[in-house]
Amino acid sequence: MQIDKSCRYTSTHEWVRVEGDEVVVGISDFAQNQLSDITYVELPSVGDTLSAQDEVAVVESVKAASDIYAPIGGTVTEINDRLADEPEIINSDPYEEGWLFRMKPIDESDVEDLLDASQYESQLPSE
Amino acid sequence: MAPFAGWDMPIQYEGILAEHTETRTACTAFDICHMGEFELKGPSAEADLERLLTQSISSLDVGRCRYGYLLNDAGGVLDDLTCYRMDDDRFMLVVNAATCERDSGWIRQHLSDDTMFTDLSSAMGKIDIQGPTSRRKMEAILGAPLPDLKYFAFAEVQIMGDSCILSRTGYTGEWGYEIYCPWYATEELWNMFVKEGGIKPAGLGARDTLRLEVGYPLYGHELTEEATPVAASRGMFINMDKDFIGEKAVEKDLAEGTVQVMVGLKLDSKRAARTGDSVFTLGAAVSERPSGVVTSGSFAPSLGVAVAMAYIDESLASAGTQLEIDVRGNRLTAAVVDLPFYKDGTARKR
């Protein structure tokens with residue numbers, strides 16, 4: 001299982017990567033593995049304003065549907081259009097091609113309050 | 001791994017989609033040891049089963065098996081099961097894991113004194129090999145031909161020196177076998193077929209998407225103790241020319257019809273409806289009475305869209321009817337379609 005060291009994490013398995021004055025959000029390798037084959041992704045709309053922990057997206061696999069929560073507050077600036085036709089790229093590349101959406105944070109420093117890679121790793125169930 | 005009826009069950013190995021596709025296009029092996037098997041033996045066994053089960057038993061030949069229901073006095077479904085005729089006076093019932101204990105109690109209560117009941121569940125292992133290439137692949141691995149078996153026929157065969165039952169049945173809609181073996185031989189057989197033979201293993205996840213695509217019911221979802229099987233089977237797997245427990249309620253449902261019936265729903269999206277989601281007519285408000293309820297639902301890998309089985313009002317049950325399903329607050333549109341959803345299954349091929 002991979003944990004991208006350049007990301008911050010939530011306890012609900014979203015990752016956040018700062019790029020300029022925006023952040024990119026996706027789900028962790030652990031999460032995609034738990035969900036197994038992803039078949040459908042419902043994304044927010046560009047312009048949506050979110051508070052931290054808002055339900056923002058749904059990632060659905062053959063097994064179950066999972067809510068995705070906004071890791072921090074902000075405004076959605078871009079969504080990953082490829083996921084409409086190729087949701088499986090979340091399984092194959094959760095930290096790069098399988099990103100979900102970009103947002104402009106209300107307060108960039110909120111990212112610092114999220115889990116770092118080692119904190120996230122330590123709270124995962126041991127196999 | 002996940003707990004299921006007291007067993008630790010493999011949900012998936014390589015991945016549900018890959019296992020599903022492998023089963024439709026080649027073949028896979030399923031570890032089905034959790035299912036229960038009972039043996040009933042004696043001069044009254046046939047008459048006892050005729051009374052306990054909805055399917056005809058007296059017309060069942062040795063070497064054949066038949067699917068049907070075990071009902072309570074009110075006609076509610078205690079289980080759906082397959083009855084194998086091993087001999088004139090010896091039968092095997094294959095039952096669901098979750099209902100095994102209850103079935104055993106119910107059946108033993110209703111047996112004649114001279115019928116001997118044995119629960120074989122812990123003595124027997126079960127491996128299903130399912131998919132269009134099952135026979136070719138198994139014969140290559142075994143280095144010997146398999147007997148010609150018609151659909152729902154079986155033979156007692158020796159595999160690696162162990163006495164096994166090879167049954168041309170399954171739960172996937174594909175050509176294949178269910179193999180019943182002594183418990184101590186299960187691991188050896190699994191290793192021979194899977195580890196050495198190269199048949200890919202498939203888990204409960206793929207088993208569920210495969211059965212859903214061909215419209216097979218799953219006990220506890222489409223069939224429950226709360227209702228007769230009539231709304232699900234529309235009279236199939238029930239022989240009304242005999243007396244059986246629950247017959248009165250079944251007769252009434254057949255004569256008067258049921259308020260709701262089971263249908264297949266094909267969604268317009270990849271997003272799936274799930275068990276318990278409410279079905280509405282187009283545009284009906286969430287405050288209105290639902291027209292039905294989803295009993296099973298998933299993305300259907302072979303169809304590329306989501307499908308569901310649901311109980312809906314009889315007036316809406318004809319193919320082509322457009323409906324909406326409330327999925328976590330979103331309305332997904334769906335059409336009633338004839339089952340099976342997936343029509344290219346090879347199960348019945350000669």
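Letters A, B, ... mirror the listed sequences (proteins, then strands); counts begin at 1.
- Within 6.0 Å of atom CD in A:Gln53, 12 or fewer heavy atoms from other residues, nucleotides or ligands are found, so the atom counts as exposed in its surroundings.
- Heavy-atom contacts from other residues, nucleotides or ligands closer than 6.0 Å to CD of A:Glu121 number 12 or fewer.
- Contact of the A:Val58 side chain with the B:Arg271 side chain is registered, since non-hydrogen atoms from C-beta on lie closer than 4.5 Å.
- Atoms OG and CD, from A:Ser36 and B:Glu14 in turn, are 12.0 Å apart once rounded to the nearest 0.5 Å.
- The OG atom of B:Ser298 sits 8.0 Å away from atom CD of A:Glu60, with the distance rounded to the nearest 0.5 Å.
- For residues 40-48 of chain A, the interface with chain B (any heavy-atom pair closer than 4.5 Å) comprises A:Tyr40, A:Glu42, sorted by residue number.
- Across every non-hydrogen atom of B:Lys270 and A:Asp85, the tightest pair is NZ-O, 4.4 Å.
- Within 6.0 Å of atom NZ in B:Lys343, more than 12 heavy atoms from other residues, nucleotides or ligands are found, so the atom counts as buried in its surroundings.
- Summarising the local packing, CD of B:Glu187 is surrounded by 12 or fewer heavy atoms from other residues, nucleotides or ligands at distances under 6.0 Å.
- Between B:Arg328 and A:Asp67 there is a side-chain heavy-atom pair separated by less than 4.5 Å.
- A salt bridge is absent between B:Asp208 and A:Lys63: the closest approach of a Lys/Arg side-chain nitrogen to an acidic carboxylate oxygen does not fall below 4.0 angstrom.
- Considering all non-hydrogen atoms of both residues, B:Ile16 and A:Asp37 come closest at N-OD2, 2.8 Å.
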